[in-house]
Amino acid sequence: MNELARLVQETTDRLAVRHVGVVVAGLAGDAVEIHGAGRTGPDGQRPGADTLFEIGSVTKVFTSLVLARLALDGTVRLDEPLAELLPGAAAVPVRGREAITLRHLATHTSGLPRLPRGMVLRSLLRPNRPDPYAHCTGDRILSGLSRTRLHSVPGRSFRYSNLGAGLLGLALAHRAGTGYGELVEREVCAPLGLTDTCLRPGGEQSARLACGHSASGRPVPSWDLAALPGMGGLHSTAADLTAFLRAQLAAERAPEAPLAPAILLTRETRHRVNPFAWTHLGWLGHRLHAQQGRHLQLWHNGGTGGFSSFVAFDPEQRVGVVVLANSRRSVDPAGTALLRRLQTGFGASGR
């Protein structure tokens, strides 16, 4: 077993102890290793590279890449007000005379709260609700938006917002005249050859769909996210997400590669969160302290009622990781640890 395979297998084995099923992928230069352990469901098979998982908020990096694609072809502008893209005469809150723009939504600087209006109360009153976003129809979201108070002036402060990302997906799909799933397929999946990244797996994909579980291992229903799929509604596989990371790693070295201009545009936009961390369009970023090698890490995690995910990479060292699990326990620490080991042992400066 080569060193990359050994590190990926070690991470997989550690996670398998606490999760029903898990798939881990490691990328180092042109080398890729994908290992799975556990089971896809109560009577399921061992998960692998082509097993479909709910990826939760990792969806946000796809939504932001769609934004970059549409900005480059002139369909939208990064600094276009959200109010100009929503259906009907939706009222969008303003603070300090600053309007919420698409850039603000993608960088979590809109000032919008984390969740749609009224959702926190509903979640507290009905903690066992299978899908807490099931009530989030378009009409209800837009009606609640008009009564939403911004926590800060748009563009000024970072405040993570599922609502903001969901509104971004809704607005982009409305401008493009299509559904969100179809938009992601057209703008991201087709150019990159991602065959299993979708909103609702159908046909033979259904047989490869993992069953979600709570943190205690109890099977739970899937989430749909209604009118806000852009914040966390996609399903994907380790194989597709590995291909997605390959495109991220290739963008600076091969500007002619598929989606390279849009990928680079997502990284050109940056909002500083603190001296060591920032947000791009979609991706969260930070640079490690000097004692840790000052390595760059771009990442996003995700979680739904029965799944957890973590995707991260270092474009300078050309390494990356994907971790997918079909239970609610976080996989972030294991994914971060694997990325750091790859940066130390397999990074561009160390090969």
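These values consider heavy atoms only, across backbone and side chains, with no hydrogens, waters or symmetry-generated copies.
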Subject >> Non-hydrogen side-chain atoms of Leu86 and Leu145 separated by less than 4.5 Å >> reply: yes
Subject >> Residue pair Leu288 / Gln297, side-chain heavy-atom distance below 4.5 Å >> reply: yes
Subject >> Working for side chain to side chain contact (heavy atoms under 4.5 Å, CB included), residues Phe244 and Phe62 >> reply: CA-CA 10 Å; Phe244 186 73; Phe62 284 84; 3.8 Å; yes
Original post:
Which atom pair, heavy atoms only, marks the closest approach of Leu163 to Pro113?
Top reply: CB-O, 3.8 Å
Subject >> Residues that Tyr180 engages under ring-ring contact (aromatic ring centres under 6.0 Å, His included), provided they are two or more places apart >> reply: none
Subject >> side chain to side chain contact (heavy atoms under 4.5 Å, CB included) assessment of Leu105 paired with Leu112 >> reply: CA-CA 9 Å; Leu105 296 174; Leu112 286 165; 3.9 Å; yes
Subject >> side chain to side chain contact (heavy atoms under 4.5 Å, CB included) assessment of His271 paired with His280 >> reply: CA-CA 7 Å; His271 177 86; His280 291 296; over 6 Å; no
Original post:
Around atom CD of Gln45, are there more than 12 heavy atoms of other residues, nucleotides or ligands at under 6.0 Å?
Top reply: no
Subject >> Heavy-atom neighbours of Arg287 CZ exceed 12 at 6.0 Å >> reply: yes
Original post:
For Thr197, does its backbone N or O pair with a side-chain atom of Ser236 as donor and acceptor, under 3.5 Å?
Top reply: no
**OP:** Start with the C-alpha distance between Arg341 and Leu7, add both sets of side-chain angles, then the distance that settles side chain to side chain contact (heavy atoms under 4.5 Å, CB included), and finish with yes or no.
**Re:** CA-CA 8 Å; Arg341 295 185 72 178; Leu7 292 174; 3.0 Å; yes
Subject >> Verify same cluster id: Val311, Leu52 (apolar side-chain graph, 4.5 Å) >> reply: no
**OP:** In plain terms, say whether Arg186 and Glu182 are close enough for a salt bridge, that is, a side-chain N and a carboxylate O under 4.0 Å apart.
**Re:** no
**OP:** Evaluate the side chain to side chain donor-acceptor pair (under 3.5 Å) criterion for residues Thr269 and Arg103: first the C-alpha distance (whole Å), next the side-chain angles of each, then the deciding distance (0.1 Å), finally the verdict.
**Re:** CA-CA 8 Å; Thr269 297; Arg103 186 193 304 269; 3.1 Å; yes
Subject >> Least distance between heavy atoms, Val94 atom then Leu150 atom >> reply: C-CD1, 4.0 Å
**OP:** Report yes or no: does Ser64 contribute a side-chain atom to a donor-acceptor pair with the main-chain N or O of Val61 at less than 3.5 Å?
**Re:** no
**OP:** Show the numbers, then the answer: is there a side chain to side chain donor-acceptor pair (under 3.5 Å) between Lys60 and Thr63?
**Re:** CA-CA 5 Å; Lys60 292 178 174 67; Thr63 303; over 6 Å; no
Original post:
How far apart are the C-alpha atoms of Asp73 and Thr75, what are their side-chain angles, what is the distance that settles it, and do they pass the side chain to side chain donor-acceptor pair (under 3.5 Å) test?
Top reply: CA-CA 6 Å; Asp73 71 16; Thr75 301; 2.6 Å; yes
Subject >> Whether His213 side chain and Arg218 backbone form a donor-acceptor pair below 3.5 Å >> reply: no
Subject >> Leu65 vs Leu265 side-chain heavy atoms within contact, under 4.5 Å >> reply: no
Original post:
Are any of the side-chain heavy atoms of Asp13 and Leu15 separated by less than 4.5 Å?
Top reply: no
Original post:
Looking at Pro81 and Ala99, what are the two nearest heavy atoms and their distance?
Top reply: CB-CB, 4.4 Å
**OP:** Please check if the distance between the ring centroids of Phe53 and His235 is under 6.0 Å.
**Re:** no
**OP:** Flag the pair Val76 / Leu102 as yes when at least one side-chain heavy-atom distance between them is below 4.5 Å, and no otherwise.
**Re:** yes
Original post:
Should we say atom CG of Asp79 is surrounded by more than 12 heavy atoms from elsewhere, each under 6.0 Å from it?
Top reply: yes
Original post:
Are Leu183 and Leu194 co-members of a hydrophobic cluster defined by side-chain heavy atoms under 4.5 Å apart?
Top reply: yes
Original post:
Under a single-linkage definition using a 4.5 Å side-chain heavy-atom cutoff for Ile, Leu, Val, Met, Phe, Trp and Tyr, are Leu192 and Leu199 assigned to the same hydrophobic cluster?
Top reply: yes
Per-pair distances, 0.1 Å, donor-acceptor, side chain in residues 19-34, under 3.5 Å, sequence neighbours excluded:
from  : atom 1 : to     : atom 2 : distance (Å)
His19 : ND1    : Ser327 : OG     : 2.6
Glu33 : OE1    : His35  : NE2    : 3.1
Glu33 : OE2    : Asn2   : ND2    : 3.4

Original post:
With distance as the sole test, does Arg159 use its side chain to make a donor-acceptor pair with the main-chain N or O of Ser110 at under 3.5 Å?
Top reply: no
Original post:
Taking all atoms of both residues into account, what is the closest heavy-atom pair of Pro258 and Pro191, and its distance?
Top reply: CB-O, 3.7 Å
**OP:** Working to the nearest 0.5 Å, report the span between OG of Ser330 and CZ of Arg18.
**Re:** 8.5 Å
Subject >> Under 3.5 Å donor-acceptor, Gln343 side chain and Leu296 backbone >> reply: yes
Subject >> Straight-line distance of Leu228 CG to Leu167 CG, nearest 0.5 Å >> reply: 6.5 Å
**OP:** Output yes when a side-chain donor or acceptor of Glu54 lies under 3.5 Å from a complementary backbone atom of Trp223, and no otherwise.
**Re:** yes
**OP:** Side-chain contact test, heavy atoms from C-beta onward, threshold under 4.5 Å: evaluate it for Pro219 versus Cys211 and give yes or no.
**Re:** yes
Original post:
Heavy-atom count around Arg147 CZ within 6.0 Å, excluding the residue itself: above 12?
Top reply: yes
Original post:
Is any side-chain N of the basic residue among Arg156 and Glu98 closer than 4.0 Å to the acidic one's carboxylate O?
Top reply: no
Original post:
Sub-3.5 Å donor-acceptor pair from the side chain of Asn326 to the main-chain atoms of Arg39, do we have one?
Top reply: yes
Original post:
In terms of side-chain geometry, is the basic nitrogen of Arg294 or Glu316 positioned less than 4.0 Å from the acidic oxygen of its partner?
Top reply: no
Original post:
Hey, is CZ on Arg246 packed in by over 12 heavy atoms from elsewhere, all under 6.0 Å?
Top reply: yes
Original post:
Do the non-hydrogen side-chain atoms of His135 and Arg140 ever get within less than 4.5 Å of each other?
Top reply: yes
**OP:** Starting at OG1 of Thr148, measure out to CZ of Arg117 and round the result to the nearest 0.5 Å.
**Re:** 6.0 Å
Subject >> Expected output: side-chain Arg328 to main-chain Gly305 donor-acceptor under 3.5 Å >> reply: no
Original post:
Hey, are the side chains of Phe310 and Val58 touching, using non-hydrogen atoms and a 4.5 Å cut-off?
Top reply: no
Original post:
Got a donor-acceptor contact below 3.5 angstrom from the Thr51 side chain to the Gly48 backbone?
Top reply: yes
Original post:
Looking only at heavy atoms, what is the nearest atom pair of Gly36 and Thr12, with distance?
Top reply: C-CG2, 3.8 Å
Original post:
Can you name the nearest heavy-atom pair linking Trp299 to Gly285, along with the distance?
Top reply: NE1-N, 4.4 Å
Subject >> Exam field: side chain Thr107 to backbone Thr279, donor-acceptor pair closer than 3.5 Å >> reply: no
Original post:
Taking Pro116 as the fixed residue, which of Cys136, Ser161, Pro132 is the one that meets the side-chain contact (heavy atoms from CB on, under 4.5 Å) rule?
Top reply: Cys136
**OP:** Kindly work out whether a path of hydrophobic side-chain contacts (I/L/V/M/F/W/Y, heavy atoms less than 4.5 Å apart) joins Tyr133 to Val220.
**Re:** no
Original post:
Would you call the rings of His300 and Tyr160 parallel, tilted or perpendicular, where under 30° means parallel and over 60° means perpendicular?
Top reply: tilted
**OP:** Could you grab the distance from atom CG of Leu70 to atom CG of Leu85, nearest 0.5 Å is fine?
**Re:** 9.5 Å
**OP:** Can you sort out the partners of Phe313 under ring-ring contact (aromatic ring centres under 6.0 Å, His included), two or more places apart, ordered by chain and number?
**Re:** Trp283
**OP:** Indicate, with yes or no, if Leu72 and Leu264 share a hydrophobic cluster defined by side-chain heavy-atom contacts under 4.5 Å among Ile, Leu, Val, Met, Phe, Trp and Tyr.
**Re:** no
